Amino acid sequence: MPQWIDLIDPTAVELHAALPEHVHATAMEALLAPPVHDDEPRPRLVSHGDYVLGVFLVPVAVTAEDRLYYQEIDLVATHDVPISVSKTPPGEQPFDPKPAKEACRVHDEVGMFVYHLVDQIAERFLDLVDDLDDEIDELEDRVAVESAQVVGRRLRELRQDVRGIRRTLTPTRDAIHKVVDDRVELDDAELFPREVEIAFGDAYDKLLRATEALESSRDALGGVRDYLQGKIGVDQNEVMKRLTVIAALLLVPTFIVGLYGQNFHHIPELGWAWGYWWAWAWIVATTIAQLAFFRWKKWF
């Protein structure tokens with residue numbers, strides 16, 4: 001059974017001691033690069049002649065804090081030994097390949113070691129999408145009880161997370177598909193025999209399911225956005241309805257006051273002792289009538 005070498009944040013000296021003699025400069029650069037992720041590095045699995053270089057990113061959801069970060073796990077696989085390099089994100093934990101190690105059997109070759117690592121990554125993507133769906137369901141429940149500003153901010157965060165996961169998941173799936181199509185191999189030996197390629201097909205299927213589920217999550221976010229916009233529209237309609245009621249209540253009294261405020265000498269009620277109270281009676285009566293009408297229409 002090959003000895004799996006697992007390094008965590010290694011120095012250049014430690015890497016040179018563990019890696020094959022003729023490692024390309026670009027591979028060393030990728031393995032020593034700090035774990036800072038925006039659009040780079042893109043996940044990939046490529047052959048460099050006598051070894052295969054893999055770079056994988058795994059997004060991790062911290063549901064208690066509503067945030068997402070990425071773990072990087074790099075891989076160098078020769079015909080005789082697999083070497084994994086875990087990089088610690090700032091303030092976070094590195095990727096732990098222990099479950100993949102424990103899944104390896106005594107007679108497994110290096111190619112099967114690589115499969116178990118990739119399969120663990122695929123499982124993590126599936127778990128991540130499940131966590132994302134739970135977050136979306138929770139957000140949908142919050143639309144009815146929280147302000148539009150709070151829900152809208154969280155909605156934008158989740159949409160950004162979905163875009164970031166897709167930028168990571170898609171190249172990961174494509175890299176695994178290259179192994180299934182027998183497009184990644186060593187020059188002088190076979191790293192991925194037929195049975196290993198079939199196993200990689202299972203990992204590819206998981207990544208494909210994760211991709212489809214991620215698209216469903218994006219559609220669900222679109223539904224939450226439409227729900228939020230509909231609620232905002234309903235709330236605005238309620239505000240306009242109340243403003244309309246207030247304007248209507250003031251309209252008739254304004255008409256009465258304007259009517260008796262005209263600058264004419266021969267207004268019938270002008271010389272009447274009860275004229276002032278007559279105008280007030282009309283104002284009160286019409287206001288009560290409007291309130292009763294609006295109440296009957298359930299406008300407030």
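Each residue takes its place number in the sequence, starting with 1. No experiment lies behind these values; they were computed from the predicted model shown.
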Query raised in the report: Can you check side chain to side chain contact (heavy atoms under 4.5 Å, CB included) on Ser86 and Asp6, steps first, answer last?
Result: CA-CA 8 Å; Ser86 301; Asp6 181 28; 3.8 Å; yes
Point-to-point distance, once rounded to the nearest 0.5 Å, from [atom1] of [X] to [atom2] of [Y]:
{"X": "Asp66", "Y": "Arg153", "atom1": "CG", "atom2": "CZ", "answer": "10.5 Å"}
{"X": "Glu14", "Y": "Asp9", "atom1": "CD", "atom2": "CG", "answer": "9.5 Å"}
{"X": "Phe125", "Y": "Leu214", "atom1": "CZ", "atom2": "CG", "answer": "9.5 Å"}
{"X": "Tyr227", "Y": "Leu155", "atom1": "OH", "atom2": "CG", "answer": "13.5 Å"}
{"X": "Tyr204", "Y": "Ile176", "atom1": "OH", "atom2": "CD1", "answer": "10.5 Å"}
{"X": "Arg183", "Y": "Glu197", "atom1": "CZ", "atom2": "CD", "answer": "11.5 Å"}

Report task. Would you please test Glu72 and Tyr70 for side chain to side chain contact (heavy atoms under 4.5 Å, CB included) and show each step? Result -> CA-CA 7 Å; Glu72 180 178 344; Tyr70 289 84; over 6 Å; no
Pair [X] + [Y], salt bridge at N-O below 4.0 Å:
{"X": "Asp235", "Y": "Lys231", "result": "yes"}
{"X": "Arg154", "Y": "Glu138", "result": "no"}
{"X": "Arg209", "Y": "Glu212", "result": "no"}

Query raised in the report: Which word best sums up how the rings of Tyr51 and His48 line up, parallel for under 30°, tilted for 30 to 60°, or perpendicular for over 60°?
Result: tilted
Requested in this report: Determine the interplanar angle of the Trp282 and Trp278 rings, folded into 0 to 90°, and report it as parallel if under 30°, tilted if 30 to 60°, perpendicular if over 60°.
Outcome: perpendicular
Report task. Could you walk me through whether Ile5 and Val76 pass side chain to side chain contact (heavy atoms under 4.5 Å, CB included), step by step? Result -> CA-CA 10 Å; Ile5 300 176; Val76 174; over 6 Å; no
Query raised in the report: Hey, mind stepping through Val114 and Val52 against side chain to side chain contact (heavy atoms under 4.5 Å, CB included) and telling me if it holds?
Result: CA-CA 10 Å; Val114 178; Val52 168; over 6 Å; no
Query raised in the report: Has Glu102 got more than 12 heavy atoms of other residues, nucleotides or ligands less than 6.0 Å from its CD?
Result: yes
Query raised in the report: Counting only heavy atoms not in Trp4, do more than 12 sit closer than 6.0 Å to its CH2 atom?
Result: yes
Requested in this report: Please report the C-alpha distance between Lys241 and Glu238 in whole Å, then the side-chain angles of each, then the deciding distance to 0.1 Å, and finally whether the salt bridge (charged side-chain N to carboxylate O under 4.0 Å, His left out) criterion is met.
Outcome: CA-CA 5 Å; Lys241 185 187 297 183; Glu238 288 296 322; 3.6 Å; yes
**Report entry** Any donor-acceptor N/O pair, Ser47 side chain to Glu185 backbone, under 3.5 Å
**Finding:** yes
Query raised in the report: Is a side-chain N or O of Thr286 found less than 3.5 angstrom from the main chain of Ile283, in a donor-acceptor match?
Result: yes
Report task. Following the transitive rule for hydrophobic clusters with a side-chain heavy-atom cut-off under 4.5 Å over Ile, Leu, Val, Met, Phe, Trp and Tyr, establish whether Leu249 and Val239 coincide in one cluster. Result -> no
Report task. Could you verify whether a donor N or O on one side chain and an acceptor N or O on the other, from Thr63 and Asp131, lie under 3.5 Å apart? Result -> no
Requested in this report: Give the minimum heavy-atom separation between Ala189 and His79, together with the two atoms involved.
Outcome: CB-CD2, 3.5 Å
